[in-house]
Amino acid sequence: MDSEVEEVARVLLKIVCSSPEFIQKAASETLGMMVKNVTPVRAMTALMDRVVQHCHVLARKCAAEHLLSLMEKMGTKKLAETPRAERLVPVAVRVAQDSHKDTRHYGQEMVKMLMTHRTFKRLLEQSVSERDL
């Protein structure tokens, strides 16, 4: 399944934004199960790509929700050791500034979580203006 994470995430998020509500819920739950059962770094990469690139509000919200749950599961210490750590900071900040309030909430929770670790705090201070923080 690890090799198919990118494609599965893309398809599930497409279903989230173009289906009736009960199918959206099932697609979101399926995405959550996928995130729990694949390599965390692969899941994180797929979700970071989707949460930033997707043009549909519901898809960004769903990806942000699952990215936050993955981050909470991994913890900041383990996140800081991943090869994608530097990429996570701008993604979290961008999600925290999203136009949709729920997506923005998930992004703000990501930023709060990252601020508790000194490596991420330094990266945030370097890459984000004080106004945005």
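Checked against salt bridge (Lys or Arg N to Asp or Glu O under 4.0 Å), Asp102 has no partners two or more places apart in sequence or in another chain.
Residues Arg104 and Val95 are not in side-chain contact: their nearest non-hydrogen atoms beyond the backbone lie 4.5 Å or more apart. Between Arg50 and Arg60, the closest side-chain pair of non-hydrogen atoms is not below 4.5 Å. Here the side chains of Gln24 and Ile15 are not in contact, with every heavy-atom distance at 4.5 Å or above.
More than 12 heavy atoms of other residues, nucleotides or ligands shown are found within 6.0 angstrom of CD on Gln126.
Under the ring-ring contact (aromatic ring centres under 6.0 Å, His included) criterion, the residue pairs touching residues 94-117 are His117-Phe120, with sequence neighbours excluded.
Arg122 contributes atom CZ, which lies 13.0 Å from atom CG of Leu114 (distance to the nearest 0.5 angstrom). One distance of note links CZ of Arg42 with CD of Glu4; it measures 9.5 Å at 0.5 Å rounding.
Across all non-hydrogen atoms, the minimal contact from Ala59 to Leu13 is O-CD2, 3.5 Å. Contact between Ala27 and Leu12 at its shortest, heavy atoms only, is CB-O, 3.9 Å.
Cluster membership for Val41 and Val35, using ILVMFWY side-chain heavy atoms within less than 4.5 angstrom, is not shared.
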Q) Between Lys112 and Glu109, is a salt bridge (charged side-chain N to carboxylate O under 4.0 Å, His left out) present by the stated rule, with each step listed? A) CA-CA 5 Å; Lys112 286 178 193 174; Glu109 292 299 317; 3.4 Å; yes
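Paired with Leu47 under the rule side-chain contact (heavy atoms from CB on, under 4.5 Å), one option of Leu31, Val5, Val91 passes, and it is Leu31.
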Using atom types as modelled, flag every donor-acceptor pair under 3.5 Å from a side chain in residues 64-78 to any protein atom, sequence neighbours excluded.
{"residue": "His66", "atom": "NE2", "partner": "Ser28", "partner atom": "O", "Å": "3.0"}
{"residue": "His66", "atom": "NE2", "partner": "Ser28", "partner atom": "OG", "Å": "3.2"}
{"residue": "Ser69", "atom": "OG", "partner": "His66", "partner atom": "O", "Å": "2.9"}

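Listed for the Ser19 side chain is no donor-acceptor partner under 3.5 Å among the backbone atoms of Val16.
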